[in-house]
Structures are given as structure tokens and as C-alpha cells.
Protein chains: 2
Amino acid sequence: MSQAFRLKQAIEDAVIAGEFLPGDRLDEASLAERFGVSRTPIREALLQLGSEGFIDVRPRRGAIVSVPTPTRLFEMFETMAEIESACGRLAARRLTPENDAAMSAAHRACAVAAQAGDSEQYYADNRIFHEAIYRASCNGFLADQALALHKRLSAYRRIQLRARNRLLQSLQEHAGVLEAIRAGDEQLAATRLHDHVLAQGERFSDMVLGLAERQRTAAAGRAAAKSRAAE
Amino acid sequence: MSQAFRLKQAIEDAVIAGEFLPGDRLDEASLAERFGVSRTPIREALLQLGSEGFIDVRPRRGAIVSVPTPTRLFEMFETMAEIESACGRLAARRLTPENDAAMSAAHRACAVAAQAGDSEQYYADNRIFHEAIYRASCNGFLADQALALHKRLSAYRRIQLRARNRLLQSLQEHAGVLEAIRAGDEQLAATRLHDHVLAQGERFSDMVLGLAERQRTAAAGRAAAKSRAAE
DNA sequence: TATTGTCTTATTGCATACAATTCATATATT
DNA sequence: AATATATGAATTGTATGCAATAAGACAATA
């Protein structure tokens, strides 16, 4: 299991890093060769990632990086918004100096990245900031759940942070969240985090829906039977 | 994977049904013999259940049904409370006649079981009632997450539903929740569900802490080195 | 030209075998 | 007597092989 655990992390990291994009096939033989092991530990790693929702393992049909429908994706962002706002509410209620320091430091790092317009760096620091909020809830289990979902959504978050002024807007929202938490205003912290996350989801949903529309239009030329078989 | 999926369900069901209690060992060979398969699909099922949090698969040390610490357990109930209240809020906002009917029917079934003092039946109907609320959120992903956590906590919920007057109290709380959702009062629905779930968690926590205290006292006689090695 | 059916090929699912590690028991030592 | 060590048994981790299924290619027919 030691090997399988390493592999699970490695594959998960590759997905989060964007090396495998949603829809990409993850066939056991290639991965086995790439990591220099047999198919067995690869299979075990893939099955675990499947249980965590990162990938889709369809019986006898192999594993692919999950491709949620636009609806599902919106549901995931909405759920993320609810969980994050719960974290924010608890953080406002229970804030400790250590957690305050961690969040503030992450926020400053985000500011530097945003001012530099470095979206890759902001992407990384953004995750640290959000994780600091999760931890500040003083509920380790909730924090784990939040982080797991955050990771699952990372592929979609990354894309929409590319727009430069989105970085600065995101940063301002972070500042508002931080202010509310430090003021101990549970309700405000919850609302601001909820909106911050859901705004991302909505923006992304629009984008995906646009993309889906274009794909649909393009696919309209192809056979109806083919498209029916795909689903 | 077909076989492994069956086995995963079967083992999960056995855990939820209480056949395997928290702490019980799940060794691959016995399970393989029991289900008439080789160890491979058993391992695959166990690893998946591990990812879902039902069991603990410690490298090279086998799998056991998870035994959360009292702190962790409280965190899990608190998280459940937050997720359920989110479901309740959304349900109040989006209630459809179909979902209303499903919740009401489940509530009536709970009432019958509670009046009869049948805690096993109540346990089953209670799950249907809560699942109906999850579905009523009109967010399939959130509902899936809620149900997964609900299942994980089932072993602990079952125990504390044994007390007869707890059944009637639980039923009354259900009535209040249902009333708030049907009235479209998001805030009230969220609060009532939060309290309903957290009350369970607190009651259970007290029980577990009492239990842990007794165990700790009993264990005090044993060697300190042994207890150090266990962790 | 489009569609359907068959065949080939590639990939997954499971079983078995072996290697590596942990756990338990027994023995030796202080 | 208690602790430490060593040995053996049991269990897990990985590799390999074979069987079963699905994807793709190709040909035949409408």
C-alpha cells in the first residue's frame, strides 16, 4: 500500500497541476510504465482517486479525469460555497492568534501575486489562503472535507483566474472576508465567503455553458446516433 | 471492477448494519473466503471504503472499521450539522411539491415507528427522512455529500436512538424542521436542522467521553510503554 | 454514401504466486 | 521476574498471467 499511496498522490498532483485535463484517459499500462511499477498498485491508486471524485472509473471502460456536466459543476461550486461559509462562520467565532497570523500571511502573499499579475502564483497562494480559513474553523474534519472539495475544483478555478482584473477583484473579496472574520462577525464572514465562492462558480458556469453551447453547435453536424450513444 | 463494486457495497452495508463494529479487523483472506473471490477484488473494495472514510487502511497493518477519537467524532457531527442546515436552507428556498410529499411521507413513517417505540424501524425511517431533505435541496452533489457523511455516522446515531423518549423528541424536532421548510423560512429551517443534528452529536459525545474515561481508567493498570506503542 | 455486422486488437478484471513486513511466541539475559 | 531479542507464522504488497469485455477497423449491404 505504500507504493499505491505514493502513486495516488503523484497522479492526484498531476491532475491538480493540470497535466491531465478533464476527459483525459488514464490507462493502467501507460501509468504503470511511467512509474515503473506493475498495474496492480496503479489500479489501487486509481480506484482510490475514483472514490474521492477526482476521476471516473467506469467498469471495464477505464478511468478518465472527471468531466462534470455544467449542472453538476454548479452544484459543486454551490456546495463549496456552503462549506466555506460554514468554515468562515466558525473561524469568526473561534479565531486564535495563530490562525489569524496564518490567514494574514497568506493574504499578503496573494496581494503580492495579484499586484504582479502572476496568476499561477496567485492560484497557489489562493489555495493557501483558503486552507488557512478551513483550519481556522478549528474543526479538522470540516477542514479536510473543504480542502478535498477545493482540490476537486482546482482545475476549474485555475482557468478563470487567468483574467487579470479577476485577480484584483478576488483579492479585494479576500480582504473583506478576512476583515469580517477578524471582527468576529459570523454572519458577515459567512455571507462574504459564500458570495466569493459562488461568484467563481457562476462565472465559470457561464464560461462552461458557453463552451458547451459551442461544442453542441459543432457536434450538431455529426450523426445524432453517435451523440446519443455517447451518453 | 464489477465484482469489486459489489463487494464494496456488501462490506459497506455490513458495517452500516452493525455487523462489523468500529475497531473490528477486516482481514483480506477471511473476506475473500466469505465472498468466494480472491484477495484482489477485496483489496480494491477495502481501499475504496478507506477513501470514503468508512474504514482505516493502515499500510501493512490491515484494515479496521474506523474508530474516530471523541474529538474527531464531535467534529464529524458538527460538520454534519453544517451540511444538513445548508440542505434545509436550500430546501426551504426551492421546495417542490414532489419533495414536499417525499419528506412528509417519511415523517409520517417516522411517527409510526416512534409511537411503536421501534427504534430499529425509526433508525431506518429517520434515514429516509433525512435523505428526503438532502434531495429537496435540489443540489444532487450536496445531497450525495450529505448522504455519505450520514452513512459514516450511522453506527453512532443508531446507539443513541435506543433511548425511547429520544425517539419522540427526535420526531418533534423533525416536525419543526418540516414546518420551517414548508413555510419557506430558510433561516429557521437551517437553525432547527443544525440544532437537531448537533444535539445528537453532543449527546453522543458525552456518551463516548464517558466510555473513553472508563476505558482510560481500566487501561491505566496496563503498562505505560504498551499504551505508548499503540499510538 | 451511410449503416450494420463481424472480426481483430487493446484494455480491463480477477486469480495466483511470491516477496516483504509485521505480529506473536518463545528463549535468553540481566 | 521483567525486559530484550530472535525466530517463525501470518498478513499485506506487488508482479504476472489469463480470461472476459469493450473499442476500433474493415467489409458487406442497403
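First the proteins, then the strands, lettered A, B, ... as listed; each starts at 1.
Put simply, CD on E28(B) is 17 Å from P on dA17(C), counting in whole angstrom units. What separates CD1 of I55(A) from P of dT12(C) is a distance of 11 Å, to the nearest Å. Nucleotide dT11(C) holds its C1' atom 7 Å from the CZ atom of R39(A), rounded to whole Å. Q3(B) has its CD atom 15 Å from the C1' atom of dT21(D), to the nearest Å. Atom pair I42(B):CD1 and dT11(D):P shows a separation of 15 Å (rounding to whole Å applied). One atom, CZ of R6(A), and another, C1' of dG13(D), lie 15 Å apart when rounded to the nearest Å. Spacing between atom CD of E44(B) and atom C1' of dA15(D) amounts to 14 Å, rounded to whole angstrom units. Rounded to whole Å, the distance from CZ on R43(A) to P on dT16(D) is 16 Å.
Nearest heavy-atom pair, D24(B) versus E19(B), reported as atom, atom and distance to 0.1 Å: OD2-O, 4.2 Å. Nearest heavy atoms, L167(B) versus S119(B): CD2-CA, 3.9 Å.
Using a cut-off of 4.0 Å between Lys/Arg side-chain N and Asp/Glu carboxylate O, D144(B) and R135(B) are scored as salt-bridged.
Side-chain atoms of S104(B) and D100(B) form a donor-acceptor pair, as typed in the model, at a separation below 3.5 Å.
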Taking N or O atoms only and anything under 3.5 Å, show me the protein contacts with nucleotides 23-25 of chain D, one pair per line.
unit_1  : atom_1 : unit_2 : atom_2 : d
dA23(D) : OP1    : R61(A) : NE     : 2.4
dA23(D) : OP1    : R61(A) : NH2    : 3.0

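Taking the six-membered ring where tryptophan is involved, the planes of H130(B) and H174(B) are perpendicular, since the angle between them exceeds 60° and thus also 30°.
Remark: of the listed residues N126(B), I83(B), V197(B), N126(B) is the sole one forming a side-chain contact (heavy atoms from CB on, under 4.5 Å) with H150(B).
Both P41(B) and L26(A) lie near DNA chain C, and the one whose nearest nucleotide falls closer to the 5' end is L26(A). Two residues, A63(B) and G36(A), neighbour DNA chain D, and the one matched to the more 5' nucleotide by heavy-atom proximity is A63(B).
Around CD of E33(A), the count of heavy atoms belonging to other residues, nucleotides or ligands within 6.0 Å does not exceed 12.
In this structure, the nucleotide among dT12(D), dA15(C), dC14(C) sitting nearest to the side chain of A4(B) is dC14(C).
Applying the 4.0 Å criterion to OP1 and OP2 of dC14(C), one finds that T40(B) has every side-chain N and O outside that range.
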